[in-house]
There are 2 protein chains.
Amino acid sequence: MKRQITIKDIAIKLGLSTSTVSRALKDHPDISPKTRTAVKELAGLLGYRPNRIALNLRNNSTRTIGLIIPEIEHYFFSAIINGIEEIAYKNDYSVMVFQSNESYKREVINTQAVLTNRVDGVLVSFSKETSDFSHFQKLIDNEIPVVFFDRTTEELPADQVVADDYQGAFMAVNHLIEKGCRRIAHFAAPQNLQIGKSRLSGYHDALLKHNIHFRHDLVHLADTYDSAKKTAHDILRRPEAPDGFFAVNDMSAIAIIKAARELGKRVPEDIKVVGFENSKSAAISEPELTTVDQFGFDLGREACLMLLKRLKSTDETDFKPVKKVIKTKLVVRSST
Amino acid sequence: MKRQITIKDIAIKLGLSTSTVSRALKDHPDISPKTRTAVKELAGLLGYRPNRIALNLRNNSTRTIGLIIPEIEHYFFSAIINGIEEIAYKNDYSVMVFQSNESYKREVINTQAVLTNRVDGVLVSFSKETSDFSHFQKLIDNEIPVVFFDRTTEELPADQVVADDYQGAFMAVNHLIEKGCRRIAHFAAPQNLQIGKSRLSGYHDALLKHNIHFRHDLVHLADTYDSAKKTAHDILRRPEAPDGFFAVNDMSAIAIIKAARELGKRVPEDIKVVGFENSKSAAISEPELTTVDQFGFDLGREACLMLLKRLKSTDETDFKPVKKVIKTKLVVRSST
DNA sequence: ATTTGAATTGCAAACGATTGAAATAAATAA
DNA sequence: TTATTTATTTCAATCGTTTGCAATTCAAAT
């Protein structure tokens with residue numbers, strides 16, 4: 001690579017010391033106006049830009065945020081990245097992205113990678129497989145601020161940003177009931193994830209409110225398009241098929257609609273379906289999908305803001321983890 | 001932040017010099033087996049990990065790739081990032097992501113950011129607004145290898161990876177004609193983008209092959225959901241409405257289907273629609289969308305591999321830009 | 001006991017920028 | 001003229017690691 005212009009080059013050309021040049025560039029009062037302008041002029045002429053790596057070493061900081069995320073391809077996560085990048089950009093931070101691909105093993109390697117890269121802080125949404133958190137604890141032990149978002153845990157002393165999953169689920173199921181559904185199935189996420197638990201619990205309580213009996217055989221683990229489609233096919237063929245579905249994400253909800261159509265059932269006449277996410281796909285599905293907006297962009301923003309706040313505050317004494325909940329919103333469309 | 005364990009800590013604890021420790025850690029033959037094991041043992045015990053920043057400074061390399069991309073939220077781009085990250089991960093590189101949000105101004109700032117961050121190489125898909133490329137030329141002037149993907153230009157001496165847009169468009173339109181369409185409209189991307197030109201030209205030549213007259217009034221600039229929906233509404237109400245549509249991406253295609261349905265036209269009976277991308281949405285739209293698969297994941301992989309190859313080869317003499325074309329594939333579904 | 005050579009280990013400079021302290025130059029006061 | 005400020009500038013160390021070269025140790029050969 002071409003050698004970059006350094007402070008030394010300027011110093012030599014001007015017959016000065018590097019210290020003087022350094023100070024001149026940052027308007028130190030000790031430097032005479034004459035040399036200051038001379039230095040700045042030459043710096044501009046040569047296209048000098050400070051070597052960030054050298055600064056990183058000296059300041060022991062990289063102005064870089066590590067992002068560990070399951071899968072970029074999911075609309076929700078890409079919306080979150082969007083929000084994160086927005087805030088990072090405004091605050092002159094850069095974002096390094098590491099995908100876990102929903103693999104615990106890879107996620108552990110990712111945590112090592114953020115350590116190696118000496119990022120200033122880390123944003124994490126962990127994989128479905130993750131139930132042991134010691135790799136994140138290691139980050140915290142290294143005093144690297146960590147903020148969890150969406151997929152979070154209470155087991156670690158770290159900040160969290162989550163959508164109001166419980167409320168969203170409650171609203172969704174409540175809506176289904178008000179639309180006349182009585183046998184409502186729930187396609188759930190794994191229960192090691194807090195979001196899985198919260199949404200199930202919102203589902204449960206909404207039934208309770210309307211005195212509808214909670215039945216375990218109406219709850220299925222199905223949080224991907226394929227698994228949801230398969231499960232929906234099975235259930236819808238049963239004699240007492242559900243008349244309503246609450247899916248843990250939009251892709252599962254759309255799979256349910258697809259399965260219903262394939263079996264000659266009409267949506268929303270025969271069965272009603274509500275998703276969770278408010279992805280682009282929800283808006284274009286046929287019929288358009290009623291769903292709970294998770295505001296991924298805002299969630300990303302908030303997570304990043306929270307991390308930046310930690311990076312600014314240097315007093316590490318009496319650390320109190322903060323949990324921020326982003327309100328969700330029911331978006332009613334024609335699938336209900 | 002907590003002070004990290006350094007080579008110096010180990011040296012002092014063992015009464016050695018930093019040089020010896022450094023060499024011991026990398027199995028330098030000069031070091032006696034005894035000290036080598038002692039050093040390694042202590043290093044493991046203390047959880048020593050080399051300070052990447054210091055190495056960056058010494059080696060003038062960051063093992064980091066800069067990625068400048070319009071919008072992460074588009075399925076196609078997130079698929080590409082996925083491919084890029086996969087290759088980067090396997091080769092122990094990290095990826096810094098910068099979004100231009102389709103803004104030329106922001107893109108220019110992004111190029112400065114990758115310079116500041118001293119990335120080893122840059123992957124770029126530029127914004128719709130970009131027609132001046134001097135900010136990328138600046139990267140090249142700094143001898144930072146640049147690989148363009150998807151949105152590329154011939155104006156710069158840089159590697160490129162593109163989908164076979166011409167062939168994809170040709171296949172798509174040919175397919176429409178074979179299915180009986182005669183008045184085929186094309187919803188195009190801006191013509192400052194090579195992909196816009198290539199796809200239009202594929203459209204043009206497929207018509208030509210079947211002796212169908214090319215008509216300018218059937219070509220519209222509409223490459224977003226909203227613009228496509230609006231345009232489709234207008235066109236479909238005309239007396240001689242098209243019987244087939246070839247859209248430059250899936251979102252536009254889906255918008256056309258939506259508009260058709262709203263006007264009481266049936267797809268594929270009254271009009272047939274083909275998209276470009278093969279996004280998740282294409283598979284779930286109703287009817288399912290016939291589209292051209294761009295293989296974004298592979299495209300990302302190839303772009304990253306190409307960049308890594310440049311990073312390895314140090315001989316910068318007689319640089320010959322390479323252009324790699326990823327074959328596209330027509331995925332026929334029920335919209336045609 | 002001295003030389004030779006091999007095997008180990010340490011010194012010091014380098015990467016680029018910053019910064020406290022010291023040094024020099026210029027200006028003012030005694 | 002000399003002492004004393006004050007204004008500028010330079011020195012040198014630092015951040016953590018690597019590496020050419022010099023230095024040391026130690027055993028074998030003479």
Side-chain angles (χ1 to χ4, degrees), chain A residues 1-40 42-43 46-64 92 115-120 142-143, chain B residues 1-40 42-43 46-64 92 115-120 142-143:
Chain A
M1 211 181 301
K2 204 172 82 183
R3 222 181 56 74
Q4 297 285 331
I5 301 295
T6 73
I7 230 171
K8 204 171 165 187
D9 298 322
I10 300 177
I12 292 174
K13 279 220 168 83
L14 255 47
L16 291 168
S17 71
T18 59
S19 354
T20 305
V21 174
S22 170
R23 281 191 252 255
L25 286 171
K26 43 184 43 180
D27 293 320
H28 193 287
D30 275 3
I31 304 302
S32 73
K34 195 165 35 142
T35 52
R36 187 186 335 144
T37 50
V39 165
K40 285 192 171 178
L42 186 58
L46 297 178
Y48 166 79
R49 45 179 58 235
N51 187 321
R52 178 78 141 248
I53 306 177
L55 289 175
N56 288 347
L57 181 60
R58 181 155 229 284
N59 305 331
N60 198 30
S61 140
T62 53
R63 279 199 98 71
T64 298
D92 196 26
L115 271 177
T116 309
N117 280 287
R118 292 288 206 280
V119 300
D120 291 352
N142 278 276
E143 289 183 26
Chain B
M1 212 182 301
K2 204 170 82 182
R3 220 183 56 73
Q4 297 285 333
I5 303 295
T6 73
I7 232 171
K8 204 171 165 185
D9 297 322
I10 300 176
I12 291 174
K13 279 219 169 83
L14 255 43
L16 291 168
S17 71
T18 58
S19 354
T20 305
V21 174
S22 171
R23 281 190 256 255
L25 286 171
K26 42 184 43 180
D27 294 321
H28 193 285
D30 276 2
I31 304 302
S32 74
K34 195 161 39 136
T35 51
R36 190 191 326 149
T37 50
V39 166
K40 284 193 171 179
L42 186 59
L46 298 178
Y48 165 78
R49 45 178 59 237
N51 187 322
R52 178 77 142 250
I53 306 177
L55 289 176
N56 288 347
L57 181 59
R58 181 155 230 284
N59 304 331
N60 196 30
S61 142
T62 52
R63 280 199 94 73
T64 297
D92 197 27
L115 270 177
T116 311
N117 281 287
R118 292 289 206 281
V119 300
D120 291 351
N142 277 275
E143 290 185 25

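Every chain is numbered from 1 and lettered A, B, ... according to where its sequence line falls, protein lines coming before strand lines. Computed over heavy atoms, backbone and side chain alike; hydrogens, waters and symmetry mates excluded.
- When each of B:Leu16, B:Val21, B:Ile12 is tested with B:Ile7 by the rule side-chain contact (heavy atoms from CB on, under 4.5 Å), just one qualifies, namely B:Val21.
- In this structure, B:Asp120 and B:Thr62 approach most closely via the heavy-atom pair OD1-N, 2.9 Å.
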Response to the item:
In 5'-to-3' order, the base (B), backbone-only (S) or no-contact (-) status of each nucleotide in nucleotides 20-26 of chain D, using a 4.0 angstrom heavy-atom cut-off, is B------

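- The footprint of chain A on DNA chain C, defined by a heavy-atom cutoff below 4.0 Å, extends from C:dG16 to C:dA21.
- The list of side chain to side chain donor-acceptor pair (under 3.5 Å) pairs with a residue in residues 47-58 of chain A, not counting sequence neighbours, reads A:Arg49-B:Thr116.
- Closest approach of B:Lys40 and B:Leu25 over heavy atoms only: CE-O, 4.0 Å.
- The residue B:Ile53 sits apart from the nucleic acid: no heavy atom pair falls under 4.0 Å.
- Applying the side-chain contact (heavy atoms from CB on, under 4.5 Å) criterion to B:Leu42, with sequence neighbours excluded, gives B:Ile10, B:Lys13, B:Leu14, B:Leu45, B:Leu46.
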Atom pairs, N/O to N/O, protein against nucleotides 14-17 of chain D, distance under 3.5 Å?
{"from": "D:dT14", "atom 1": "O2", "to": "A:Arg58", "atom 2": "NH2", "distance (Å)": "3.4"}
{"from": "D:dT17", "atom 1": "OP1", "to": "B:Tyr48", "atom 2": "OH", "distance (Å)": "2.7"}
{"from": "D:dT17", "atom 1": "OP1", "to": "B:Asn51", "atom 2": "N", "distance (Å)": "3.1"}
{"from": "D:dT17", "atom 1": "OP2", "to": "B:Ile7", "atom 2": "N", "distance (Å)": "2.6"}
{"from": "D:dT17", "atom 1": "O2", "to": "B:Arg58", "atom 2": "NE", "distance (Å)": "3.3"}

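- Taking CZ of A:Arg63 as the start and CG of A:Leu55 as the end, the distance is 11.0 Å to the nearest 0.5 Å.
- Using a 4.5 Å heavy-atom threshold, the side chains of A:Asn142 and B:Gln4 count as touching.
- The shortest heavy-atom contact between B:Arg36 and B:Ile31 is NH2-O, 3.7 Å.
- Each end of the helix from C:dA1-D:dT30 to C:dA30-D:dT1 yields a helix axis from five base pairs, and these two axes differ in direction by 80° (to the nearest 10 degrees).
- Contact annotation for A:Thr20: base contact, defined as any heavy-atom pair under 4.0 Å involving a base atom.
- Taking each heavy atom of A:Asp9 and A:Thr6 in turn, the nearest pair found is OD2-N, 2.8 Å.
- The CZ atom of B:Arg118 lies 13.0 Å from the OG1 atom of B:Thr64; values are rounded to the nearest 0.5 Å.
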